[in-house]
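Structure, as C-alpha cells:
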Amino acid sequence: MKNLFKQTNALYLLLTLALSACTSVTIDQVKHVPSELKEGESIVVIGRRSGNDYETEPELISCIGKTLLKGDNPMNVIPEQEFVNRLYPWFEARTAPVHVWDLQRLLSFDDIAQIIDEYNVHYIVWVDGVTEKTRGGGSISCGLSPAGVSCFGFGTWDEKAEYEASVWDYRTKKLVGKVSSIADGTSYMPAIVIPIPLLAQVQSQACSAMANQLQSFFSNSQNQAN
Amino acid sequence: MVTIKHYIKQLLKLVPAILLLGCFSCTSTLQVEGDFPRPVIHQLPLQVAVHYQDDFRRYRYVEKSEKRSKWEIEIGNAQVALFDTVLPAMFENVVQVSNIGPQENTDIDLFFEPYVEEFQYNMPRETKVNMFEVWIKYNMKVYDGQGLLIADWILTAYGKTPTAFMKSEENALNEAMIIALRDVGAGLSLKFSHIPEINSWLNKHGQLQ
C-alpha cells in the first residue's frame with residue numbers, strides 16, 4: 001500500500017513536470033508586396049551561417065523544408081544542401097548574397113541563372129537565428145554505488161528559439177516580406193536513480209510555427225492573386 | 001566464495017568507468033573526409049600545372065600543448081581532394097607535376113603551389129561558445145611557365161559547426177574542417193583573378209574578358 005502511494009506520487013510528479021515542459025510560441029508576419037507561388041514553381045529555404053557566435057542550424061532548415069512539403073498546400077522545396085552544392089561557391093557562409101539586390105551580381109553569370117531556372121525557383125527564403133539555452137539551474141549528481149551508477153537531483157533550463165525569415169522574390173529581385181517565430185520553453189530533468197529528461201520542444205515548435213507562417217504567407221498571396 | 005564473486009561483480013561494474021577515465025589521456029585521431037562540389041565559375045583558358053609538396057599532401061596537425069586534449073588531425077588527403085576539384089573548374093587543363101619549372105612536351109602557362117602556413121582549432125569547452133571552429137592559413141604561390149614567381153598571397157579558411165546532441169567531437173570537427181576547406185575553395189575560385197599580380201599577368205596575356 002505504501003509502495004502504491006509512492007508510485008502514484010511519483011507518477012503525479014512526473015505528469016505535472018511533463019505538463020510544465022511546454023513551449024510558448026510567438027509568430028509575426030510582414031508582407032511588403034503581394035506574391036504568388038504558381039504550380040511548378042519552387043522555393044529554397046536556406047540558413048544564414050555568417051554569425052560570429054552562432055549559426056542557423058541545418059536541422060531547423062531541413063525541418064522547415066520537410067514541413068512545407070507536407071500539408072494541404074504542399075510546396076516544391078529544394079533541399080538546402082543540394083542547392084548550395086549546385087551553386088558552389090556562391091551560397092557559402094562568406095559569399096552568399098546579403099541583400100536582395102546582390103542577386104543581380106549573381107545573375108551576371110549565365111551558368112548560375114541557368115541552374116536557378118532549372119529548379120524553377122521563384123522565392124528564396126533566408127532563415128536567420130538560433131536556438132540557445134538562456135538559463136540553467138539545479139544540480140544532478142551521479143556516482144558509483146554497489147547497485148551500479150545512480151543519479152540524484154533536479155535540473156532545469158530555459159531555451160529560446162528566435163528565427164526570422166526574409167522572403168526574396170527571385171524574379172523581381174525584391175524583398176516581399178518577413179516571417180518571424182520566437183519560441184520559449186523550460187525543460188526539466190528530475191533524477192531519481194536515472195535522469196528523466198522532460199524536454200521542451202523549443203526548436204521543433206519554432207520550426208512548425210515558421211513553416212505554418214510561410215504556408216499562410218504564400219497561400220494568402222494565392223488568394224490575393226485570385 | 002560468495003564474497004569473491006561479489007568483488008568480481010563489483011570490479012566488472014567499474015571496468016567501463018576505468019576505461020572512460022583512461023581515455024582522458026588518449027589521443028584522438030581524425031582523418032578528415034568529405035566531398036567537395038565543383039565550383040560554378042568562369043573557366044580561364046589556361047594550362048596549369050599544380051605542385052603539391054609532400055608536406056602538403058600529408059599535412060597532419062599534432063596538438064603539442066600539454067593544456068589541450070591530444071588531437072592528431074590528418075588534412076592532407078582532404079585538401080588535395082579539394083584542390084583537385086576546384087582547379088579543373090578554374091582552368092581549362094590541369095596537370096600535376098613533381099617540380100616547378102619548364103616541363104618536357106607540355107606548354108604550361110602557370111604553375112600553382114598551395115602551402116599550409118598555419119592551422120588552428122577551438123573546441124566548445126575552450127571558447128565557452130557551443131561551436132567547433134577551424135582556421136587554416138594557406139600560402140598560395142603562382143609561377144609562370146618558366147618557373148618564375150608571379151604572385152604569392154595568403155588565403156584564410158574558416159569553418160565552424162555547432163555542438164549537437166549525439167554528435168561526436170570527431171564528427172563535429174570533421175564537419176568544421178570540410179566547411180573550412182569549402183571556404184578556401186570559394187576564396188580561391190572567386191578571388192584568383194583579382195589578385196593584383198595575377199590580374200596584371202592575365203591582362204598582359206589577354207586572358208581577361
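Chain identifiers are assigned alphabetically (A, B, ...) following the order of the sequence lines, protein sequences preceding nucleic acid strands; residue numbering begins at 1 within each chain.
In this structure, chain B has no heavy atom under 4.5 Å from any part of Q114(A).
Summarising the geometry of P114(B) relative to M140(B), their closest heavy-atom pair is CB-SD, 3.9 Å, with the distance given to 0.1 Å.
Note that K173(A) lies in the cation-pi zone of Y170(A), set by a 6.0 Å cut-off to the ring centre and a 45° limit from the axis.
Between the side chains of R38(B) and S189(B), no donor-acceptor pair is found at a separation under 3.5 Å. The closest side-chain donor-acceptor pair between Y54(A) and D128(A) falls under 3.5 angstrom.
Between E63(B) and K70(B) no salt bridge is recorded (no basic side-chain N to carboxylate O distance below 4.0 Å).
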Could you walk me through whether K137(B) and E117(B) pass salt bridge (Lys or Arg N to Asp or Glu O under 4.0 Å), step by step? CA-CA 5 Å; K137(B) 190 161 110 182; E117(B) 285 266 338; 5.0 Å; no

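Proximity to chain B at a heavy-atom threshold of 4.5 Å picks out V84(A), N85(A), R86(A), L87(A), Y88(A), P89(A), W90(A), E92(A), R94(A), T95(A) from residues 82-96 of chain A, in numerical order.
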